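These notes are about the structure you will find just below.
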Amino acid sequence: MKNKILYTLAAFVLILSACEDTLEQEFSDNVEVSNAIVDLNSLNLAANGSYSLFADTDVYNRTVMLLPEILSDNAFIDAFDNTGRYLDFDLYTVNSNNRFITPAWENLTRIIASTSIIIKRAELLSFPESEQEDAEQYIGEMYALRALAFHNLQLLFAQPYNFTSDASHFGVPIPDFETLGDGGTIQEPGRSTTAQVYAQIERDLIKATNLMRKQSSPSRMDVYAAKALLARVYLHMEDWGKARDMATDVIDNSGNKLLENQEYIASWALDDNSETLFTLVNNETDNSGTNSIGYFYLTYKDAFATDDFVNILSNTDVRKELYPVDDGVNLVTKFPKVAAQDDNIQILRLSEMYLIKAEAHAQLNEDIDAQQTLDAIIQRADPLVVASTETGQALIDKIVLERRKELAFEGFRLYDLSRYRITFSKFLQDGNPIVISAPENRTIMPIPIDEINVNPNIANQQNPGY
């Protein structure tokens with residue numbers, strides 16, 4: 001079966017099984033989505049299934065978290081003893097037939113399709129008044145998850161928002177939501193502009209915040225998780241006022257609190273903590289097992305933190321304990337539960353909101369607010385550090401550096417380098433560093449060759465250099 005963006009799929013079956021099939025699937029003759037989502041309970045089941053799609057090895061359980069670190073100055077692959085995975089990313093020799101890029105593309109577009117069909121079907125239903133709030137919550141969650149999938153797809157396969165002055169460069173495809181799930185229409189969309197993709201993400205998140213309750217379990221999206229994601233999106237759009245305001249709202253009103261210094265290291269072995277806004281759940285019976293990101297770092301020991309990264313952490317910075325030296329290399333222990341293989345993946349947490357708020361203040365020349373917000377993160381990690389006094393570009397540079405320290409190995413570094421057009425060294429264990437002037441062609445991934453070959457509307461829209 002051809003690998004193409006299929007925005008017609010057996011959604012309910014696919015969601016519940018989280019199968020590995022390609023995206024081109026017609027609706028089953030005996031399972032119609034319109035019949036599968038019929039009430040609040042079936043809507044909730046479908047919503048639960050959408051979360052499970054994010055737990056695929058090629059989404060948050062490894063690839064989406066790993067690539068922005070391997071492709072940056074934060075990490076390198078063990079050149080002498082490895083399992084043969086992600087070597088071409090380490091060497092910057094990725095091609096359009098890459099065995100990790102294709103499933104990442106397929107899984108993220110599958111999430112976009114499945115959440116869209118759930119939204120479409122659920123919005124056709126009438127719920128009793130006693131169920132209306134829950135129904136709106138579940139629908140809002142689907143809007144938020146669709147936005148999350150779109151944003152990850154955009155980050156992987158398109159240049160940053162500021163690559164062109166009006167964001168008119170190629171983004172990722174946006175399907176026709178109205179015909180999704182009609183059982184017969186195969187969509188072959190071309191690529192939308194980056195501006196159009198971000199506008200769609202913004203619409204989805206605003207819709208989500210209007211539908212959802214204020215708070216729920218951190219394993220489910222709620223209004224403040226959606227606002228946190230929207231703050232991240234506005235940061236990438238360089239809409240500094242909205243990024244500041246949205247991050248401030250989450251900090252002030254979510255009820256979440258920054259971890260204390262003495263809690264920080266142990267928190268990474270917990271399912272969630274006082275900072276957690278949204279976490280992807282793995283458990284002892286439902287996880288990626290030996291394909292998890294924790295297993296990759298700590299059992300296979302396929303990748304390590306670079307000295308360049310570890311050396312920016314002072315000896316009094318508590319975060320340095322996350323990168324212990326082992327036989328001359330720096331381990332990564334943000335995913336420590338390798339015995340049970342059930343690390344939850346922290347997707348949105350409060351520290352990021354402080355850093356977004358600080359960066360937005362700095363870009364708006366609100367230096368005092370930026371300094372104070374930044375110092376909440378810096379001095380939590382290292383109480384011996386004196387208060388920030390930098391202004392202007394020096395302050396922005398300090399915030400970007402602190403993002404590197406705090407958000408390391410959570411899937412941010414390459415995108416920060418790209419949006420600020422920072423030239424960096426991609427360090428290798430057994431060779432000279434590769435100098436990358438971000439953003440460049442190789443800092444975004446190729447559209448998979450299977451998609452290029454079968455989708456006539458995207459055939460001439462491959463990313464340059466592939």
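For reference, positions follow the sequence shown, starting with 1. These figures come from a predicted structure and were not determined experimentally.
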Does anything in residues 135-144 pair up under side-chain hydrogen bond (donor to acceptor under 3.5 Å, both in side chains), and if so which pairs, sequence neighbours excluded? Tyr51-Glu141, Glu123-Tyr143, Gln132-Glu136, Gln137-Glu141, Glu141-Arg220
Quick one: pull up CD1 in Ile293 and OH in Tyr60 and give me the separation to the nearest 0.5 Å. 11.5 Å
Between [X] and [Y], is there a side-chain N and carboxylate O pair less than 4.0 Å apart?
X      : Y      : result
Arg244 : Asp369 : no
Arg213 : Asp222 : no
Lys337 : Asp343 : no
Glu406 : Arg319 : yes

Any donor-acceptor pair under 3.5 Å from [X] side chain to [Y] backbone:
X      : Y      : value
Thr115 : Ile112 : yes
Asn256 : Ser274 : yes
Asp342 : Asn283 : no

With Phe309 as partner, the option from Phe304, Phe409, Phe427, Phe76 fulfilling ring pair (Phe, Tyr, Trp, His ring centres under 6.0 Å) is Phe409
Looking at Tyr354, does the NZ or CZ of Arg380 lie under 6.0 angstrom from its six-membered ring centre and within 45 degrees of the ring axis? no
Could you pull out all residues at least two apart from Phe163 that satisfy ring pair (Phe, Tyr, Trp, His ring centres under 6.0 Å)? His169
Among Lys357, Glu359, Gln363, side chain to side chain donor-acceptor pair (under 3.5 Å) partner for His361: Lys357
Could you work out, with side-chain contact (heavy atoms from CB on, under 4.5 Å) as the rule, every residue matching Val318, not counting sequence neighbours? Asn261, Tyr264, Ile265, Glu321, Ala381
